[in-house]
Protein chains: 2
Amino acid sequence: MKPIQVGLLGIGTVGSGTFNVLKRNQEEIKRRAGRGIEITMVADLDTARAKAAVGEGVQVVSDARAVIANPDIDIVIELIGGYGIAKQLVMEAIAMGKHVVTANKALLAVHGTEIFEAAQQKGVMVAFEAAVAGGIPIIKALREGLTANSIQWIAGIINGTTNFILSEMRDKGLDFATVLKEAQRLGYAEADPTFDIEGVDAAHKVTLMSAIAFGIPVQFSKAHIEGITKLAAQDIKYAEQLGYRIKLLGVTKRAKNGIELRVHPSLVPAKRLLANVEGAMNAVVVHGDAVGTTLYYGKGAGSEPTASAVIADLVDITRLHTADAAQRVPHLAFHPNAMNDHLDVLPMREVITSYYLRLRVADEAGVLAKVTGLLANAGISIDAVLQREADEVGGEGSTQTDLIILTHDTREGTVDDALAELQALPTVLAPIVRIRKEELS
Amino acid sequence: MKPIQVGLLGIGTVGSGTFNVLKRNQEEIKRRAGRGIEITMVADLDTARAKAAVGEGVQVVSDARAVIANPDIDIVIELIGGYGIAKQLVMEAIAMGKHVVTANKALLAVHGTEIFEAAQQKGVMVAFEAAVAGGIPIIKALREGLTANSIQWIAGIINGTTNFILSEMRDKGLDFATVLKEAQRLGYAEADPTFDIEGVDAAHKVTLMSAIAFGIPVQFSKAHIEGITKLAAQDIKYAEQLGYRIKLLGVTKRAKNGIELRVHPSLVPAKRLLANVEGAMNAVVVHGDAVGTTLYYGKGAGSEPTASAVIADLVDITRLHTADAAQRVPHLAFHPNAMNDHLDVLPMREVITSYYLRLRVADEAGVLAKVTGLLANAGISIDAVLQREADEVGGEGSTQTDLIILTHDTREGTVDDALAELQALPTVLAPIVRIRKEELS
């Protein structure tokens, strides 16, 4: 059988990794796929760079549409990124009847509904294992490995940049800005790190996982997103004293009245494997009603780890493309006519979780009673309190201290309202720090 | 479309879990599979138990062959276990053109070649996600998620009973026999625990993973197997002092001259996630040349976790059965005509790994020099030495002490020969303890 012919749009870090791995392991991949898989055409605006990357024998063009128009090309890999031209090209490739492989989480989290619908109508596959958690086959696990389950929740460390920064902040006791500069110097953070540190990248990924887990459309606009830029070194330290690590988690959960979809820093019990995922590594915990808790760990970014996922999709398409299109693995795990239309993404005020609160208070009698009394009146149950010595917190003779409170599960709206009341107390001297806590039990 | 009809052979723990999960989540599973999946017929020698488990509306028979002969049945689930009748029934089901799902690791590790060949000829699938690591979708990860990679090695905690025993021995400082009794009382170990504690069950599982990873036939008879029955509490303690935990690992590795395939207790650096997998949980680490290190964690046994894997296979078959049979995911990841016939499983003497050695020696001058000199002469490089005070080891006034040595990577045969020489020294007073060490880096 002649090889499957693949066209590659964009040959940067992941593109060249894909080309190299496919070439290096071509014999082994062919033995698995039952058929050769070859990148025969590459489009990149920088044709000189592209030619240097692929060498002789591969056609290099600057116009991506020449790849899409080539009737010999069976699969198009989109590695351009962003919502603009990438979206047009993916839609055009689908319209031409090509299968598409993409690592573009932003595109799918925002425009997935339109793209998957078009693919469904043309009977082509749009595969995106590389869009979430790099080389970890988490899309496959969710979409195929755990199909028996009513999935209850997913919590993941799905952004390596922020996990590297948090690991360094904890290890070295440094503040966010210092570690960010170091991360940029080492290449773990980009020159403009906004999408990573503000949680947007993680939100794209958890949006995709949410759709697959619960059979709902991708709804990035409804995700609650908080990054790590405001995280203070002292909260990492206090969390540690209470037996927790702080991680930037993407969380999606099946609640009684809808779906939770959120990205924010979270306290995680130090004994959990997820709390011990350090540096730029990724890990996703999935809890299903039958299987219980499972965890998937690996490199979430980088040239060859991401290429590993791109190529797995190429092999899947090669193996599956003869299957009845109506019967293949659906893009979002559930068949399009069986998506859930009654499960809404909840507003953040309706989310139920537990909290770490840090209050800078006047070091005087009655403050703790006042604070805990107000929380009790609001119906917020306290799990633990850590009161620091004033001298330790503000230096000798200080009249201020830190009061740290861990709550049991509470509705976020209830906490919002109580914090507004607490903040108004004259003995509360600075903005209250509130970090969510996930027990993952 | 009418539901896929499934016949179940054997309705014990996993069988009833499969029936219950399939029923409880039937709507969600149908939305994923695109088609209903129903167990319509059950065979069990204990028909009363079977009837109690499935209730009305499901045909219960005592003769498994009646299920296989039923032309309405599309898929047969084999949950009888063992090599005897289970093998006959699986072969007969294949001959009748039924797809087969099984959790029977022993059967496939020993008779897989014959079974997969028959399935290939009939164009049916034999799916076995439940055979390795229970609910963790590790077969799918290896066979589909990591297809881009030249897999370098796999190391897994793939037997929950022994991991529970080792966790308890370490936590409580108890010896093997005491903890085994406790494990039996709690239901974590069977009345006859031989297959678990002697490493046979883990060897079945790592044999299957080895075939899938490297494209070689299943070769259980060539696996090196050591259990945990001889493990002493003091070695767990010494390992801890050196920064290691002891785990029963199934290891398979691509070496220069062949494939390593082995099960034995191993020292694992305490900082690795794998070392922190406690109790009856399972975890498998896979290292691929492109993806780097990935880890998969979850429940390796139990009614519903195993059912999760059985049902995932049912959904896969439902999704894939319209695909060109020649093009489906191959049973052992590689297409049958592309299996590797030049990669042999290495004899244990050819395995290269590192070692923990414990020598009970006379507490006198020159012993350490003698021992290390002998190792140096054999070409065995030492990584660390821990010499205990004689008083601590043997009580006050003791004339004996323990010498613990960690080696760098060495060929096992070289170590065998050196240990024979060491054992013959008059200052070595007891059988030398040798435990392998895997850095997993």
Side-chain angles (χ1 to χ4, degrees), chain A residues 17 21-22 24-25 28-35 129 135-137 140-141 144-150 215 273 276-277 283 288-299 304-305 307-312 315-316 318-324 326-330 333-335 338-339, chain B residues 17 21-22 24-25 28-35 129 135-137 140-141 144-150 215 273 276-277 283 288-299 304-305 307-312 315-316 318-324 326-330 333-335 338-339:
Chain A
V21 173
L22 205 47
R24 185 173 75 228
N25 294 342
E28 200 154 337
I29 291 167
K30 185 180 173 182
R31 289 167 54 211
R32 289 193 176 104
R35 199 171 160 185
E129 183 62 81
I136 308 172
K140 186 170 280 287
E144 304 172 35
L146 302 176
T147 43
N149 293 268
S150 170
L273 288 185
N276 294 284
V277 170
D289 68 337
V291 76
T293 296
T294 58
L295 176 144
Y296 310 83
Y297 165 91
K299 284 182 182 152
E304 293 208 351
S308 173
V310 169
I311 297 170
V315 174
D316 265 6
T318 305
R319 284 170 167 170
L320 292 178
H321 84 296
T322 61
D324 177 1
Q327 205 56 42
R328 285 189 202 124
V329 182
F334 291 79
H335 281 266
M339 298 286 275
Chain B
V21 173
L22 205 48
R24 184 172 76 227
N25 293 342
E28 201 154 337
I29 292 167
K30 184 180 174 183
R31 288 167 55 212
R32 290 194 177 104
R35 203 172 158 184
E129 184 62 80
I136 308 171
K140 186 170 278 288
E144 304 173 35
L146 302 176
T147 43
N149 293 268
S150 171
L273 289 185
N276 293 283
V277 170
D289 68 336
V291 76
T293 296
T294 57
L295 176 144
Y296 309 83
Y297 165 90
K299 284 183 183 151
E304 293 208 351
S308 172
V310 169
I311 296 170
V315 174
D316 265 6
T318 305
R319 283 170 168 171
L320 293 177
H321 84 294
T322 62
D324 177 0
Q327 206 55 43
R328 285 187 202 126
V329 181
F334 291 78
H335 281 266
M339 299 284 275

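Labels below follow one simple rule: chain letters A, B, ... track the order of the sequence lines, proteins then strands, and each chain is numbered from 1.
Residue contact with chain B, scored on non-hydrogen atoms closer than 4.5 Å, is absent for E129(A). In this structure, chain B has a heavy atom under 4.5 Å from the side chain of N25(A), while its backbone stays farther away. Of the atoms belonging to N149(A), heavy atoms from both backbone and side chain fall under 4.5 Å from chain B. Within the 4.5 angstrom heavy-atom criterion, only backbone atoms of A33(A) (N, CA, C, O) approach chain B. Of the two parts of D316(B), only the side chain, counted from C-beta on, holds a non-hydrogen atom closer than 4.5 Å to a non-hydrogen atom of chain A.
Chain B forms the most heavy-atom pairs under 4.5 Å with one residue out of L320(A), T318(A), V315(A), V291(A), and that residue is V291(A). Comparing I311(A), V310(A), L22(A), T147(A) by heavy-atom pairs within less than 4.5 Å of chain B, the highest count is held by T147(A). Ranking G292(B), A309(B), G298(B), S150(B) against chain A, the residue ahead of the rest is S150(B), based on heavy-atom pairs under 4.5 Å. In terms of heavy-atom pairs under 4.5 Å with chain A, the best-connected choice from E144(B), M339(B), R24(B) is E144(B). No other option in P137(B), P305(B), A290(B), G135(B) has as many heavy-atom pairs under 4.5 Å with chain A as A290(B). Taking A307(A), G288(A), G215(A), A333(A) one by one and counting their heavy-atom pairs under 4.5 Å with chain B, the maximum is reached by A333(A). Contact count against chain B (heavy-atom pairs under 4.5 Å) is highest for E304(A) among R35(A), E304(A), K30(A). Taking L146(B), D289(B), I29(B) one by one and counting their heavy-atom pairs under 4.5 Å with chain A, the maximum is reached by D289(B). Contact tally against chain A (heavy-atom pairs below 4.5 Å) for T293(B), N276(B), V329(B), I136(B): the top residue is V329(B).
Although no hydrogens or angles enter the test, the distance criterion places no donor-acceptor pair under 3.5 Å between the side chain of R319(B) and the main chain of R328(A). Counting only distance, with no hydrogens or angles, the side chain of R31(A) and the backbone of A338(B) share a donor-acceptor pair below 3.5 Å.
When all heavy atoms of A148(A) and V21(B) are compared, the pair lying nearest together is O-CG1, 3.6 Å. Nearest heavy atom pair, residue G145(A) against residue K140(B), reads N-CD, 3.9 Å.
When side chains are defined from C-beta on, L273(B) counts as touching Y297(A), because their heavy atoms get closer than 4.5 Å. Counting heavy atoms from C-beta outward, K299(B) and T294(A) have side chains that stay 4.5 Å or more apart. Residues R32(B) and H335(A) form no side-chain contact, since every pair of their non-hydrogen atoms from C-beta on lies 4.5 Å or further apart.
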